[in-house]
Amino acid sequence: MIGGPEVAGLDVAAGLPGTRRLRFAPSPTGQLHVGNVRTALFSYCLATPEGRFILRIEDTDRERYNPESVSEYMEALTWLGLTWDEGPEVGGPCAPYVESERLPLYREAANRLVATGAAYPCFCTRDRLEELRAAQRASGLPTRYDRHCLHLTKAEREAQRAAGRPEVVRLRMPPGESSWNDLVLGLQTFDNAEMDDQVLMKSDGYPTYHLAHVVDDHLMGITHVVRAVEWLPSTPKHLVLYDALGWRPPGFAHVPLVLGPDRQKLSKRHGAEAVREYRQMGYLPEALVNFLAFLGWSPGTEEEVFDLSELRQRMSFERLQSSPAVFDQQRLDYLNGVWIRRLSAAALAARLAEFLPGVSPEQLEPIARMVQERIRRLDEVPQLVRFAFSDTDPDADRLRGQLGTAEAADFLSGVIPLVAGDVAELMPTLRLRVAEFTNGQPESARARVRQLMRVVRIALTDQEVSPPLDAVVDLLGSDRAGKRLRRALERLQAGG
RNA sequence: GCCCGCAUCGUCUAGCGGUCAGGACACCACCCUUUCAAGGUGGUAACCGGGGUUCGACUCCCCGUGCGGGUACCA
């Protein structure tokens, strides 16, 4: 065990595996959002094949904590292929990887900070803080804590504690500037005077994000922090913490946000946002990964189809984009189609299983073959092959379409014997029959071919749109196909 | 209010002082075609505005504008 809390305490971080160590540290409050996934994906890829990708659960907000969401997150990440080298379930040298199980470490860090004067206890009530902010805002000042409790004497602190007043620990922002070279945005400089004295330990005994992630990133030997730009303004606080604790900060890469079509931060208002929903809509993890990777990254070449291992091979901080990206579902759809067509029929069949419950495995593969070229999402399939699993009985009007009833019946009667034969012969012979019915009408031949074929299609599937007819007959079997054609013929004859 | 970030076709992006500003999605047309797709060919479409710097700016600097983020005992 290296760096584990029981064994090592706060100052050991060396000797951990991996040339680079990056982490994804979600807060388990709901479902895994595609914006977060993009961040996780970048971290995973930027860890490179030689590095380590670590999953850490940031469950320090007990109000919003949702226990189910931890397994939800893990399931989603696994589905996407973003497997973690260290973290919950797999363990690792820095275990535990769940922050609520690491409380003594944060307490120790907080005590150390208070002891050196880098942080101080604060007993201000929420009401007082709110009034303070309202007043500051009213007079056009930045809203910051007024350090009311900074200079409390030891006796005054003890008096507050004796009175049972809730206590937090605040970081004392030192004067000066904080700057760092952001791996995405370049040189960043903030005036510390603009920063609030951030609460580090909450009155419920849990650390805030700020303390917990600095302590954990250090202890876990994180080399590069990849997070969304919304964290940019709090980076100076983190830098101050690293300095006060005598630790070397990691590199920071602030990645731009993922926006909805209206350029607002992507949310449920824009439709789906959870990975699970995309899965249910029939998106392949390969496509989602490929699509998300290009929201803020590009290889600099004209290649655009990448799998996860290629992305991990190719991604670099230098090529990360600094402007926000709009989530364009049409492009996702396109890429999903590309990935569907890249699958083998057997592989596609396996993916289809969850969309076609009750369909036997033997039937899945022919279905996969017939839909592969024509779908962009897996959830289109049930509709496309509905004809094979439910009875059809179109009436005469629907059957004949633009054709005369007698004509349609005549054509159909000649088709019936064809489906009893070899399916491979079906289309050539069908074309010959079509030719007999289009002689002498070269001008309208195209339209007539269309009409004639349509009669067969409707008879067989009762759908205007279906897979190719030979595939349809193949899936139906010649018995069922023949029955449907004969039934259709009866309808036409009765209707005429 | 205060602080900060960002800015190339509708969208994702290439570009890193001199390009006919390239590719992809979407869209349109045509071809292929039994429907729908897939595929092929072609087309429409962009450097937010104003100042500088420079022989020369999409590229560098400043201002404005727009969009976004932060401003919690949430992350």
Side-chain angles (χ1 to χ4, degrees), chain A residues 25-29 58-61 63-64 122 124-126 129-130 133 136-144 166-170 182 184-185 188-191 193-196 198-210 212-213 227-236 254 256-257 259 261 263-265 291 294-305 319 321-335 337-338 341 371-376 380 384 427 430-431 434 446 449-458 461 463-470:
Chain A
S27 181
T29 55
E58 222 150 63
D59 59 345
T60 55
D61 182 351
E63 303 273 310
R64 298 198 304 155
C122 169
C124 289
T125 63
R126 291 175 197 255
L129 296 173
E130 266 170 44
R133 277 192 285 266
Q136 289 168 332
R137 210 190 150 98
S139 30
L141 296 166
T143 54
R144 266 169 293 161
E167 171 180 358
V168 302
V169 174
R170 283 183 185 274
D182 196 273
V184 175
L185 301 174
Q188 299 294 311
T189 305
F190 283 79
D191 182 353
E194 299 290 341
M195 299 293 134
D196 208 351
Q198 185 61 236
V199 169
L200 264 20
M201 288 296 287
K202 300 183 265 193
S203 56
D204 66 1
Y206 282 82
T208 57
Y209 164 86
H210 306 279
H213 106 276
R227 48 158 52 156
V229 269
E230 56 193 348
W231 292 108
L232 190 69
S234 49
T235 307
H254 289 93
L257 258 19
L259 309 177
R263 302 213 137 260
Q264 301 289 108
K265 190 172 172 177
F291 170 75
F294 275 74
L295 257 33
W297 175 83
S298 86
T301 65
E302 290 184 355
E303 303 158 277
E304 53 177 8
V305 181
R319 298 210 59 87
Q321 180 94 19
S322 50
S323 53
V326 172
F327 188 100
D328 178 14
Q329 197 167 334
Q330 283 189 311
R331 194 180 171 81
L332 207 209
D333 283 348
Y334 161 77
L335 275 172
V338 169
R341 275 170 258 124
V371 300
Q372 187 158 28
E373 293 266 302
R374 59 200 76 243
I375 57 166
R376 318 191 106 192
E380 296 167 44
L384 215 46
M427 290 317 292
L430 196 51
R431 269 189 279 270
V434 166
R446 287 270 316 145
V449 170
R450 205 174 283 248
Q451 287 301 315
L452 293 164
M453 288 298 205
R454 181 186 171 281
V455 183
V456 185
R457 169 163 287 110
I458 297 291
T461 67
Q463 294 171 202
E464 298 280 349
V465 172
S466 82
L469 294 178
D470 46 359

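Every value quoted in this text rests on a predicted model; they were computed, and no experiment measured them. Naming: A, B, ... by sequence-line order, numbering from 1 per chain.
Nucleotide B:A29 forms a pair with B:U41, judged by Watson-Crick or G-U wobble geometry with both contacts under 3.5 Å. Base pairing analysis places B:C48 opposite B:G64; the two distances defining the Watson-Crick or G-U wobble pair are each below 3.5 Å. B:C2 is paired with B:G70 under the criterion used here, namely a Watson-Crick or G-U wobble arrangement in which both key atom distances are under 3.5 Å. When both pairing distances are held under 3.5 Å, B:A75 makes no Watson-Crick or G-U pair with any nucleotide shown. For B:U35, there is no paired base (Watson-Crick or G-U wobble, both distances below 3.5 Å).
The side-chain heavy atoms of A:Thr235 and A:Phe190, taken from C-beta on, include no pair separated by under 4.5 Å. When side chains are defined from C-beta on, A:Gln372 counts as touching A:Arg341, because their heavy atoms get closer than 4.5 Å. A:Met201 is not listed as a side-chain neighbour of A:Thr208, based on a closest heavy-atom distance of 4.5 Å or more. When side chains are defined from C-beta on, A:Ser298 counts as touching A:Arg319, because their heavy atoms get closer than 4.5 Å. Between A:Tyr334 and A:Phe291 the shortest side-chain heavy-atom distance does not fall below 4.5 Å. When side chains are defined from C-beta on, A:His254 does not count as touching A:Val184, because their heavy atoms never get closer than 4.5 Å. Side-chain contact between A:Arg374 and A:Leu384: present, with at least one pair of heavy atoms (C-beta onward) separated by less than 4.5 Å.
Each of A:Arg137 and A:Arg454 was matched to the nucleotide of RNA chain B holding its nearest heavy atom; the match closer to the 5' end belongs to A:Arg137. Comparing A:Arg170 and A:Ser298, the nucleotide of RNA chain B nearest to each residue sits closer to the 5' end for A:Ser298.
Between A:Phe294 and A:Trp297, the ring-plane angle classifies as perpendicular under the 30° and 60° cut-offs.
Distance from the side chain of A:Phe294 is smallest to B:C12 among B:C73, B:C74, B:C12. Residue A:Pro142 places its side chain closer to B:C2 than to any other of B:C2, B:C6, B:C74. Ranking B:G69, B:A38, B:A26 by closeness to the A:Glu373 side chain, first place goes to B:A38. Distance from the side chain of A:Val465 is smallest for B:U35 among the nucleotides B:U35, B:C73, B:C2. Proximity note for A:Ala325 (side chain, C-beta onward) versus B:C73, B:C2, B:U13: the nearest is B:U13. The side chain of A:Arg446 has B:U35 as its nearest neighbour among B:C12, B:U35, B:A75. Between B:C2, B:A26, B:U34, one nucleotide has an atom nearer to the side chain of A:Gln330 than all others, and that is B:A26. Picking from B:A72, B:U35, B:A7 the nucleotide with the shortest atom distance to the side chain of A:Arg133 gives B:A72. The A:Asp196 side chain lies nearest to B:A72 when the options are B:A75, B:A72, B:U34. Closest contact between the side chain of A:Thr143 and the listed nucleotides B:A26, B:G1, B:U34 involves B:G1.
The nearest whole Å value for the distance from the CG atom in A:Leu259 to the P atom in B:U13 is 10 Å. Distance A:Phe190 CZ to B:G70 P: 13 Å, rounded to the nearest Å. One interatomic measurement links the two molecules: CG of A:Asp328 to P of B:C27, which rounds to 11 Å at whole-angstrom precision. As a whole-Å value, the separation of A:Leu200 CG from B:C73 C1' is 11 Å. Rounded to whole Å, the distance from CG on A:Asp182 to C1' on B:G69 is 14 Å.
Contacts of A:Arg227 with the nucleic acid, taken as non-hydrogen atoms under 4.0 Å apart, are absent. Contact annotation for A:Val168: base contact, defined as any heavy-atom pair under 4.0 Å involving a base atom. A:Ser466 comes within 4.0 angstrom of a nucleotide base, judged by non-hydrogen atoms across all strands. Here A:Arg341 lies in heavy-atom contact (under 4.0 Å) with sugar-phosphate atoms only. Residue contacts for A:Leu469: at a heavy-atom cut-off of 4.0 Å it reaches a base atom on one of the strands shown. Note on A:Gln321: only backbone sugar-phosphate atoms sit closer than 4.0 angstrom, heavy atoms only; bases stay farther off. Across all strands, A:Thr60 comes closer than 4.0 Å only to sugar-phosphate atoms, never to a base (heavy-atom distances). At a threshold of 4.0 angstrom between heavy atoms, the contacts of A:Gly337 with the nucleic acid are absent. A:Met427 comes within 4.0 angstrom of a nucleotide base, judged by non-hydrogen atoms across all strands. Across all strands, A:Pro468 comes closer than 4.0 Å to base atoms (heavy-atom distances). Across all strands, A:Gln188 comes closer than 4.0 Å only to sugar-phosphate atoms, never to a base (heavy-atom distances).
In this model, the phosphate group of B:A75 is not approached by any side-chain N or O of A:Thr208 to a distance below 4.0 Å at OP1 or OP2. Residue A:Arg376 has no polar side-chain atom (N or O) positioned under 4.0 Å from OP1 or OP2 of B:C25. Between A:Lys202 and B:C74 there is a side-chain polar atom (N or O) within less than 4.0 angstrom of OP1 or OP2. Contact between the side-chain N/O atoms of A:Gln451 and the OP1/OP2 oxygens of B:U34 is not found at any separation under 4.0 Å. Regarding contacts with the backbone of B:G1, every side-chain N or O of A:Ser139 stays at 4.0 angstrom or more from both OP1 and OP2.
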Identify all pairs in which a protein N or O lies below 3.5 Å from an N or O of nucleotides 62-65 of chain B, and state each distance.
none

Please list, pair by pair, any protein nitrogen or oxygen found under 3.5 Å from a nitrogen or oxygen in nucleotides 19-24 of chain B.
| from | atom 1 | to | atom 2 | distance (Å) |
| --- | --- | --- | --- | --- |
| B:G22 | O2' | A:Glu302 | OE2 | 2.9 |
| B:G23 | O4' | A:Glu302 | OE2 | 3.0 |
| B:A24 | O4' | A:Glu304 | OE1 | 3.4 |
| B:A24 | O2' | A:Glu304 | OE1 | 2.9 |
| B:A24 | O2' | A:Glu304 | OE2 | 3.4 |
| B:A24 | O2' | A:Arg331 | NH1 | 3.3 |
| B:A24 | N3 | A:Arg331 | NH1 | 2.9 |

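One C1' atom belongs to B:C25, the other to B:U65, and the distance between them is 29 Å to the nearest Å. Using C1' as the reference atom, B:C47 and B:G22 are 13 Å apart when rounded to the nearest Å. B:U44 and B:U33 have their P atoms separated by 28 Å, given to the nearest Å.
Shortest non-hydrogen contact noted between A:Leu295 and A:Phe327 is CD2-CD1, 4.1 Å. A pairwise comparison of heavy atoms in A:Val168 and A:Val199 identifies CB-CG1, 4.0 Å as the closest pair. The nearest pair of heavy atoms linking A:Arg457 to A:Pro467 is NH2-O, 3.8 Å.
Listed for the A:Asp328 side chain is a donor-acceptor partner under 3.5 Å among the backbone atoms of A:Gln330. Although no hydrogens or angles enter the test, the distance criterion places no donor-acceptor pair under 3.5 Å between the side chain of A:Ser27 and the main chain of A:Thr29.
Under 3.5 Å, the side chain of A:Ser203 and the base of B:C73 form at least one donor-acceptor pair of N or O atoms. Between the side chain of A:Arg263 and the base of B:C67 there is no donor-acceptor pair of N/O atoms closer than 3.5 Å. One donor-acceptor pair, N or O on each side, does fall under 3.5 Å between the base of B:U34 and the side chain of A:Arg457.
For the pair A:Arg331 and A:Glu304, the salt-bridge criterion is met [side-chain N within less than 4.0 Å of a carboxylate O].
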